[in-house]
Structures are given as structure tokens and as C-alpha cells.
Amino acid sequence: MKLYNTLTRKIEEIKPLKPPTVTVYTCGPTVYDYPHIGNWFTFIRYDLLIRGLKASGYDPKWVMNITDVGHLTSDADEGEDKLEKGAKREGKTAWEIAQFYTDYFLKGLERLNISKPAYLPKATDHIQEQIELIGKLERKGYTYVIDDGVYYDTSKFPKYADFAKLDLDDQQAGARVEQNPQKRNPTDFALWKFSPKDKKRDMEWDSPWGKGFPGWHLECSAMSMKYLGETLDIHSGGIDHIPVHHTNEIAQSEAATGKRFANCWMHTNHITVDDQKISKSLGNSVTLEDIEAKGYSLEAFRLHVLESHYRSQSKFSWDSLAAAQNRLKDFYAIAVLRYQASSRAASINAEMLSKVRAEIEAALSGDLNTPQILASLGAIVAVAKDGLQAQDRTVFEDFLKWLDEILGLNLLKQPDISDQQKQLIKEREVARAKNDWAKSDELRDQLAKQGIGLRDTGSSAIWHRL
RNA sequence: GGCGCCUUGGCGGAGUAGCUACGCAGCGGUCUGCAAAACCGCGUACACGGGUGCAAAUCCCGUAGGUGCCUCCA
């Protein structure tokens with residue numbers, strides 16, 4: 001399977017250290033508020049990677065962290081901890097906030113049919129590992145202590161600017177953030193932040209350097225190494241993380257181990273709404289609840305995500321979501337043909353299914369080209385009008401199962417119609433045979449009210465959900 | 001100010017040199033008892049200006065516009 005690697009800026013074949021296992025670490029959510037659709041786009045795209053690896057014969061071992069402490073309102077170690085800020089907003093403790101939004105997030109993964117990671121470690125459960133990592137860096141001379149925390153000296157890591165191709169001198173010229181003047185370099189970042197002297201934090205721990213909490217970047221290094229070893233096969237995350245978070249992860253991890261931190265970096269692009277980025281301040285964040293409230297299914301949302309490539313900055317709009325929902329209805333209409341296999345002449349057959357399958361496999365292993373996958377599926381949509389022959393039913397169901405494993409659109413979960421509904425269809429066939437059009441149309445209307453549409457073919461009617 | 005990325009038909013969105021992407025919506029027509037179903041056809045899409053090539057949406061240069069990061073972000 002080929003994937004675009006940010007490290008080399010090229011599309012490359014995946015080369016796991018211990019195939020068929022592929023270790024994958026993903027930067028998960030900071031659980032301080034409801035995720036918006038932009039966040040969910042990203043998690044669906046991560047899921048696609050996992051599903052793609054499985055379909056390519058690999059055995060992905062996936063770890064996604066839950067950031068429940070230490071993520072400040074600025075990556076430059078300024079401002080408040082997001083969890084503490086969320087706590088203040090809602091009049092709860094940071095622990096309560098973390099629990100609530102973690103639960104909400106995990107439920108969202110299920111609702112969106114996102115694969116379950118093997119581990120979902122929380123930063124607060126790994127304070128000891130993080131302290132040990134700081135100790136390791138301290139012994140190697142990468143750290144220094146100033147009044148508000150323990151910092152990583154980025155000038156000690158010569159390759160610091162390479163990953164994001166940063167131009168450190170020019171970048172600083174326009175920096176707008178006020179920094180602690182005791183920092184040796186503007187890019188230095190906190191490994192451990194001391195608790196403020198004037199107030200009590202909800203979340204704080206003792207450490208060899210003083211009471212406080214871990215810096216945000218540290219958790220990913222500590223937890224990925226604990227669960228997946230010192231070198232990852234794939235590290236995925238949002239494109240925004242390249243210049244700071246991932247750059248810092250590489251610096252601290254490779255300084256600590258002396259080994260390559262991740263062999264492949266997969267970055268998902270952001271989406272826009274009304275051609276603008278999503279942000280709470282612009283008031284354009286949409287939630288899963290908003291989508292459902294407008295009558296769209298989460299499967300339609302998922303399909304909408306798959307309609308663009310994970311590396312492109314794609315657009316979300318309600319029109320596009322409506323288009324995806326319409327397209328999904330066609331897919332479901334085809335999926336339920338498995339309940340309607342008959343002796344009629346049909347175009348869906350083993351040969352064309354295997355041809356389409358080969359096309360989809362090629363698109364999937366070519367940097368997860370989901371728009372191409374959907375285009376290939378169009379070949380089946382185009383011939384589905386003829387229905388399915390009984391002899392092809394098994395191979396067709398296998399195909400749907402395989403497709404569900406890749407796309408997660410719940411094709412096999414589309415239920416059969418009820419016996420009563422089947423009876424109505426039979427009665428209508430009888431009426432039609434007698435040229436009793438009034439009766440026939442009445443039965444068709446009755447089924448339509450139950451959400452069942454009919455398409456008359458030469459021999460009999462094929463049903464689908466409206 | 002610095003560093004990137006992008007600009008494809010009404011909308012969404014693949015495609016990195018030569019062959020209708022695809023989807024949604026629209027228009028015209030055909031068939032069927034009728035049909036919102038099906039089928040056929042239509043719009044001559046690649047920001048603009050140069051350049052390289054037998055050939056460019058696809059490579060190079062420039063212009064315009066947009067956008068991302070450096071501030072919270074997935």
C-alpha cells in the first residue's frame with residue numbers, strides 16, 4: 001500500500017518494521033468541548049487508513065491518545081489549559097469535563113462507524129511515563145528549568161527545522177506571541193509546566209522539578225513509545241500539527257531514543273465551511289447533532305467525507321451533504337438487491353464484481369483515493385437496474401461485506417422489508433396482471449408511505465428504500 | 001512580515017502530458033397502463049498571460065484571486 005509521507009514529501013510504499021503488523025499512532029482529541037464536523041472528518045479519514053491497511057492484508061495496531069490535560073490555548077506554552085478553561089466555562093472540575101467529553105467522543109466513534117483503536121490511552125493515566133521521559137531528556141542535556149517550567153532546548157536538536165521545513169529566523173520576525181523571556185529559543189517548548197503559585201489547579205502532580213502538569217507535546221511521545229515501541233510505522237495527525245506539535249514530538253522522541261520516531265507521517269487536510277476554516281469564533285462549527293437535526297444520516301456524512309481525498313482541503317456544505325445522501329440511497333438500493341435475487345436476467349455477476357474490486361483495491365492502495373473508489377462503484381450502480389440472479393447472490397454478498405470493511409457505509413445492515421410489505425408487492429403483481437391499475441397504484445402509494453419505492457421490470461418489481 | 005498550499009463544468013470532486021472521471025442538480029427526448037422509476041442525449045470544465053513539447057487541465061515562468069500555518073485548531 002502506498003501513502004503520501006510528509007517526512008519525504010513523496011508517495012511511498014508502506015514498509016512496516018514487523019509485517020504484517022503495522023503500528024499506527026494518531027493524535028486524538030483534546031476533550032474540552034464538543035467536536036465539530038471538521039474534527040470528525042479527520043477521524044473518519046484516520047479510520048480509512050486503518051481500514052485500508054486491513055484490506056491490504058496488514059494487521060494494524062492502532063493507538064489514539066486522549067488529551068485530557070496540558071493542552072494550552074496556545075501551542076507556544078502560553079495561556080490556559082483547555083481543560084481548566086472548559087471547567088470554568090461549565091462550572092465543573094477539569095476531571096468532570098474530561099470524563100464527559102471523552103465519553104461523548106467515544107460514542108461518536110461508534111456512531112460514525114470508526115474502527116476501535118487497540119488502545120485509547122489518556123494523558124492523565126501516563127504521568128509517570130512522561131516524567132520518566134523528561135528525566136531521560138534531562139540526563140542527555142536537552143532540558144533547562146525556568147520559572148514556569150521545564151523546557152526543551154531546541155537548539156540542541158540540529159534537525160529541528162527539517163520536518164516542517166521551517167525557516168526559524170524569518171518565522172520569528174513576525175511572531176505575534178509574547179513569550180517567556182527566560183526561554184533560550186523561541187521554539188523551545190515546555191515538557192513540564194509548574195502549577196501557578198496563586199491558585200490551585202484541578203489537575204496537578206508532583207515531579208522531581210516541582211508540582212505541575214505535563215506539556216502537551218510530551219504525552220504523544222511517551223504513550224506511543226509505551227504501546228508501540230520507539231519507532232512507529234505510521235504516525236497520523238492533522239496538517240496543522242506539522243510545524244509545532246509533530247516537530248516537537250520528533251525532537252523530544254529522537255533526542256531521547258536516538259532512533260527515528262516514525263517512518264511515515266500521514267497528515268489529513270482541513271475542511272472549510274463557506275470557504276472559511278471552521279472555528280468557534282466564526283460561529284460556523286457544525287456538530288453531528290446538527291446534521292441529524294436536518295434529517296441527514298451519519299452514513300451520508302461519512303460518504304460525504306469519502307467523496308474527497310484526505311489530503312485536499314475540501315468543502316463542507318449542506319448541498320454537498322444532500323448530494324451524498326442521494327448517492328447513498330443508490331448504494332443502499334443496490335445492497336438490498338441481495339434480498340431480491342431471482343431468475344431474471346441480470347448484469348451484476350462475479351466477473352464484473354471482481355473487475356470492480358480490482359479497481360477499488362488499486363485506488364485504495366494508491367494513497368487512499370476514495371473519490372476514485374466511489375467512481376468505480378458507479379459501474380455497479382449503472383447495471384443494477386437489471387437486478388441480481390440467484391446464482392450470484394453469495395458472491396454479491398461477499399462483495400458487499402468487503403466493501404463495508406473498507407468504506408464503513410453499513411451496506412449489509414440495510415434490512416429486508418417486512419413480510420406484510422412483501423405481501424403487498426405480490427398483491428400488486430396480481431393486480432397488474434389483471435390490468436387493475438387503480439388497485440396497483442393504490443398499493444404502490446401504500447408502500448411509498450412506508451418508505452418503499454418500486455421499479456417495475458419486465459418480470460416483477462424491484463423495491464428500494466426512498 | 002515569513003513559510004506553504006490551492007484555483008477543474010450550476011454545485012461537489014478525481015485526474016500530473018495524449019483516451020467520456022465520477023456524483024448531485026438541470027435541460028431535451030424515449031419506453032412503460034401510469035410513474036417521482038428506467039433508458040438515451042445535452043451543456044463543448046480545467047483562473048489569466050507567456051514558455052517548453054508532436055501533444056498541457058497536467059511541466060516551467062509570470063500575473064490575479066483564494067486559503068492554511070507562524071495565534072486555538074483536526
Side-chain angles (χ1 to χ4, degrees), chain A residues 9 26-30 32-33 35-46 71-76 78-80 82 85 161 164-178 186-187 236-245 267-272 275-281 285 303-304 306-331 333 363 369-379 381-382 384-386 432 435-438 440-441 444-445 448 453-458 461-464 466:
Chain A
R9 315 273 159 153
T26 297
C27 289
T30 301
Y32 68 106
D33 205 344
H36 54 62
I37 43 164
N39 302 116
W40 290 122
F41 253 76
T42 304
F43 291 111
I44 289 171
R45 286 165 163 178
Y46 296 151
H71 196 165
L72 304 184
T73 52
S74 159
D75 284 351
E78 307 300 319
E80 279 183 279
K82 290 181 172 191
K85 195 178 175 187
K165 301 195 189 299
L166 301 175
D167 184 338
L168 298 177
D169 295 336
D170 284 337
Q171 188 173 315
Q172 298 318 319
R176 280 173 279 169
V177 186
E178 286 187 30
T187 46
S236 68
I239 194 172
D240 53 303
H241 286 146
I242 296 172
V244 180
H245 184 51
H267 286 103
T268 55
N269 210 324
H270 288 184
I271 61 161
T272 57
D275 290 325
Q276 285 185 299
K277 66 173 177 174
I278 301 174
S279 79
K280 295 216 160 67
S281 56
S285 36
L303 179 58
H304 178 36
L306 299 177
E307 281 181 325
S308 62
H309 192 265
Y310 78 91
R311 281 194 288 120
S312 71
Q313 182 179 294
S314 41
K315 304 170 187 175
F316 173 85
S317 71
W318 294 107
D319 285 349
S320 296
L321 187 56
Q325 182 127 310
N326 283 341
R327 190 181 204 177
L328 186 63
K329 273 184 197 163
D330 277 350
F331 289 167
N369 192 338
T370 48
Q372 183 57 55
I373 290 174
L374 297 174
S376 297
L377 271 182
V381 177
K385 64 183 189 319
D386 298 330
R432 290 188 77 222
N435 289 1
D436 184 353
W437 309 122
S440 163
D441 290 353
R444 183 166 65 192
D445 288 347
L454 294 177
R455 207 175 74 226
D456 289 324
T457 68
I462 293 177
W463 62 266
H464 61 276
L466 297 170

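On a predicted model such as this, the values are computed, not experimentally measured, just so you know. The chains referred to below are lettered A, B, ... by the order of the sequence lines, with proteins before strands, and numbering in each begins at 1.
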remark   = Taking G23(B), A74(B), A36(B) as options, the one with an atom nearest any side-chain atom of Asn39(A) is A74(B)

query = Which nucleotide in the set G13(B), C34(B), A74(B) lies at the smallest distance from any side-chain heavy atom of Pro371(A)?
reply = G13(B)

Syn/anti state of G68(B) by chi, 90° boundary around 0 = anti

request  = Could you tell me whether His267(A) contacts a base, only the sugar-phosphate backbone, or nothing, with contacts defined as non-hydrogen atoms closer than 4.0 Å?
outcome  = nothing

query = Within the structure shown, what part of the strands sits under 4.0 Å from Ala323(A) by heavy-atom distance: base, sugar-phosphate, or nothing?
reply = sugar-phosphate

Pairwise C1' distance for G18(B) and C48(B), with rounding to whole Å = 24 Å

ask   = Taking the same atom, C1', in G15(B) and in C59(B), what whole-Å distance lies between them?
value = 15 Å

query = Is a salt bridge present between Arg327(A) and Asp330(A), judged by a nitrogen-to-oxygen distance below 4.0 Å?
reply = no

query = If you take atom types as modelled and just measure distance, does the side chain of Arg45(A) reach the base of A74(B) with a donor-acceptor pair under 3.5 Å?
reply = no

key: Base G23(B) to side chain Asn326(A), donor-acceptor N/O within 3.5 Å cut-off   = no

request  = Could you give me the stems involving RNA chain B, meaning stretches of three or more consecutive Watson-Crick or G-U wobble pairs whose two defining distances are both below 3.5 Å?
outcome  = B:1-7 with B:64-70, B:10-12 with B:22-24, B:26-30 with B:38-42, B:47-51 with B:59-63

Report each atom pair, protein N/O against N/O of nucleotides 37-46 of chain B, whose distance is under 3.5 angstrom.
none

query = Can the ring centroids of Phe41(A) and His270(A) be said to lie less than 6.0 angstrom from one another?
reply = no

